[in-house]
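Here is how names work: the chains are called A, B, and so on, in the same order as the sequence lines, proteins then strands, and each is numbered from 1.
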Amino acid sequence: MSAGDVIIAEPSNKKLEFRALMFEKEKSQVEAKIREYLTTESIEDPVLEFRQIPFSGEWGIAVPLFPVAAGEARSGKKIIVPKRAQELAEGIKNYLHGSGFGFSHIDAVNGYLNLYFSTSEYAQRVVDTILETGEDYGRGEDLAKTVMVEYSQPNTHKSFHVGHLRNVILGGSICRILEFAGYRVIRANYLGDIGLHVVKWMWNYLKNHVGEVPGENKTHWMNDIYAEADRLFQDPSNEAEVRELYGRWNARDPEVVALWQKTRQWSLEGFEQIYDLLGETFDRIYFESEVEDSGVVLVEKMIEEGLAVDERPEGPVFIDLDAVLGTEDEYRVLVLLRSDGSSLYATKDLPLAIKKFEEYDLDQSIYVIDVRQSLYLKQVFKTLEVLGYPWADKLYHLAYELVNLPGNVTMASREGTVVLFDDLVAEATSRARTIVDEKNPEVSDEAKTSISEAVALGALKYTMLSRDNSKVVTFDWDAALDFNGQAAPYIQYAHVRANSILRRAGETLPKAAPFPDNLEKAEVDLIELLTRLPGEVVRAAEQFRPLTIAGLSYDLAKAFNDFYNTCHVLNAEPEVRAYRLRLVAAAQQVIATSLNLLGIEAPSAM
RNA sequence: GCCCCUGUAGCUCAAUUGGACAGAGCACUGGACUUCUAAUCCAACGGUUACAGGUUCGAGUCCUGUCAGGGGCGCCA
């Protein structure tokens with residue numbers, strides 16, 4: 001996404017880290033003392049900013065004194081800023097007698113004032129908080145803001161390939177993250193159920209496949225007929241027949257409409273199979289066919305009002321946005337109707353946007369669409385603003401880059417350069433199955449199937465989500481099917497290990513357990529990562545970036561694996577066993593939550 | 001011609017939004033299974049953050065310019 005565009009909420013300056021939240025009381029007490037000291041140095045109303053200390057085994061918060069010293073320098077004092085910052089930090093440290101206010105010790109280093117928490121106290125507060133809140137750990141409060149996210153947008157009668165997959169996975173994860181962050185989310189889909197591609201499909205069906213019905217895999221079957229139609233259509237001798245059928249469709253010939261309804265339904269059922277597999281559901285499905293007529297009416301109105309230029313039949317109907325707005329080469333020209341009066345994307349996107357706001361009271365309307373349509377959507381949004389819709393500034397294009405094939409080849413059904421969704425899933429699942437058979441031969445066949453599916457889909461989703469929205473994904477079979485390293489199965493496996501320990505413990509979790517001050521490094525590192533979830537959820541929601549959650553989930557898994565190897569739980573001393581069991585339970589919870597936000601299953605066995 | 005995106009280790013990517021020493025995975029090399037599941041872990045190797053200026057106490061991050069790659073720009077979707 002590009003920065004500086006519309007953001008859902010006000011960008012939060014409540015960048016209070018979780019750690020600071022848990023030590024809020026201590027923090028505000030010490031902040032008052034720091035201000036008190038700075039007053040004695042004749043510094044009034046300084047800019048005090050709390051940030052994290054780069055973590056090195058001990059928790060705390062830091063106050064950089066550079067802004068304060070720089071302020072002094074600007075007001076004319078002859079000082080060297082870094083030196084003065086360090087001097088101030090030391091001054092404060094002495095003023096606070098090096099500790100107190102709930103902090104175990106206070107340091108002045110490199111111009112920063114570092115305030116450290118008691119390790120045992122901090123560790124226990126973190127783990128207790130997670131276990132008390134359970135799956136709600138990290139969940140934001142209800143923000144009473146409604147957001148619609150439109151994503152997926154496949155064309156009926158066509159294929160579903162890996163390019164479409166990135167959209168669904170990204171959109172789905174964004175919805176989960178926004179929901180968890182406290183927004184009320186409406187998942188919308190918008191299907192291309194009319195147009196030349198549909199007519200071509202019906203023509204081929206009538207000519208070569210009458211009476212046939214889809215097999216088990218409906219989307220694949222639909223696409224086979226479409227691909228064949230597209231090929232046959234290359235032959236000019238077939239053009240007349242297709243055009244004739246298009247005419248009958250435009251005249252709403254009942255026979256053609258009936259066929260359209262029946263075949264469209266097959267496509268819908270096929271998409272439903274895919275969405276089920278991916279774990280996606282939609283609250284509202286829009287169709288191009290339901291907004292086309294109102295779109296034409298709207299364009300006619302724009303012509304009457306003089307907003308749109310009508311050059312028919314020699315030329316199209318368009319709005320010259322730069323002319324209307326007095327800009328130059330910025331918004332260009334948006335074509336609204338073809339010269340023959342037929343509709344285009346814009347004809348339908350304008351009324352669709354209006355319809356959304358008629359149906360729902362939206363605080364934000366998000367379009368998850370690839371980056372190539374940036375100018376187009378900018379034009380659509382601007383046109384709605386020009387038309388006077390007060391909600392036009394609530395429209396947001398969440399752009400993402402394409403999934404290309406090696407050699408920077410764009411996936412296109414027409415060129416035959418596609419990797420179909422079901423082929424990919426079948427291959428991934430089969431590879432996962434081979435590994436499950438080898439690693440876990442004793443579990444039931446049913447369990448093996450569900451594990452393979454969770455692993456295969458998890459791996460595909462993680463690959464898409466662990467890359468920034470603005471980066472092109474180059475699809476490569478080996479990379480997509482690599483279950484090693486920084487990939488979903490690694491994270492899922494950590495969850496399985498945690499689950500395994502808890503299962504073998506065979507008792508209810510100790511209600512409370514004190515943590516010692518001399519924790520192992522692996523324990524400290526793990527606890528540190530557990531505290532990051534709430535902040536990352538807020539950040540991911542503000543920036544529409546699942547990537548941050550993908551990164552955290554991997555870091556968590558890595559830290560847990562390290563803990564698993566260095567810290568034994570079940571055969572440890574009773575006190576140690578007690579707090580470690582609670583730590584394992586907390587880690588399992590946070591890993592599961594982060595995977596869930598990515599739409600990835602957290603299996604209990606692998 | 002104009003606009004947008006990208007450029008970080010051999011490869012694929014991160015970097016808490018201007019903060020402390022730029023981190024992971026893959027690949028290569030060498031180690032660790034009689035232990036809570038080795039789909040794991042440890043160690044080693046790997047950097048002039050495309051280039052040149054500028055702003056700043058501080059720049060991979062911000063501003064200007066250059067280079068390279070990708071995308072978009074009146075009747076495709």
Across the strands shown, which category fits A:Leu570 at heavy-atom distances under 4.0 angstrom: base, sugar-phosphate, nothing?
base

A:Tyr345: partners by ring-ring contact (aromatic ring centres under 6.0 Å, His included), with sequence neighbours left out:
none

From the candidates B:A24, B:C57, B:C2, the one with an atom nearest any side-chain atom of A:Arg332 is B:C2

Between A:Tyr226 and A:His197, how do the two ring planes meet: parallel, tilted or perpendicular, split at 30° and 60°?
perpendicular

What dot-bracket string describes RNA chain B from 5' to 3', counting Watson-Crick and G-U wobble pairs whose defining distances are under 3.5 Å, with [ ] for crossing pairs and | for pairs to another strand?
(((((((..((((.....[...))))..((((.......))))......(((((..]....))))))))))))....

Could you check B:G74 for me: syn (within 90° of 0) or anti?
syn

Where the side chain of A:Leu375 is defined as all heavy atoms beyond and including C-beta, which of B:U6, B:C75, B:C73 is the nearest nucleotide?
B:C73

Would you indicate what A:Ser339 reaches in the nucleic acid, counting non-hydrogen atoms under 4.0 angstrom: base, sugar-phosphate, or nothing?
base

Using whole Å, what does the distance between atom P of nucleotide B:G70 and atom CD of A:Gln373 come to?
21 Å

Scan A:Lys558 against the nucleic acid and name what it touches under 4.0 Å (heavy atoms): base, sugar-phosphate only, or nothing.
sugar-phosphate

Just to be sure I understand the rule, does A:Glu314 reach a base, reach only the sugar-phosphate, or reach nothing, if contact means heavy atoms closer than 4.0 Å?
base

Establish, with yes or no, whether the OP1 or OP2 oxygen of B:C76 is under 4.0 angstrom from a side-chain nitrogen or oxygen of A:Arg338.
yes

A:His568 NE2 to B:C41 P: how many Å, rounded?
15 Å

Are A:Asp340 and A:Ser342 close enough that a side-chain donor and a side-chain acceptor fall under 3.5 Å?
yes

Taking atom P of B:A43 as reference, at what distance in whole Å does atom CG of A:Asp562 sit?
9 Å

Donor on one side chain, acceptor on other, A:Asp322 and A:Thr327, under 3.5 Å
yes

Determine whether the aromatic ring of A:Phe483 stacks with the base of B:A39, defined as ring centroids separated by less than 5.5 Å and ring planes inclined by less than 30°.
no

Examine A:Lys378 relative to A:Tyr331 and say whether NZ or CZ is less than 6.0 Å from the centre of the six-membered ring and inside a 45° cone about the ring axis.
yes

For A:Val436 and for A:Ser466, find the nucleotide of RNA chain B with the closest heavy atom, then tell me which residue's nucleotide is more 5'.
A:Ser466

Could you check whether the side chain of A:Ser470 and the base of B:C5 have a donor-acceptor pair of N or O atoms closer than 3.5 Å, going by distance alone?
no

Suppose you measure atom C1' in B:U56 against the same atom in B:C62; what distance do you get, rounded to whole Å?
10 Å

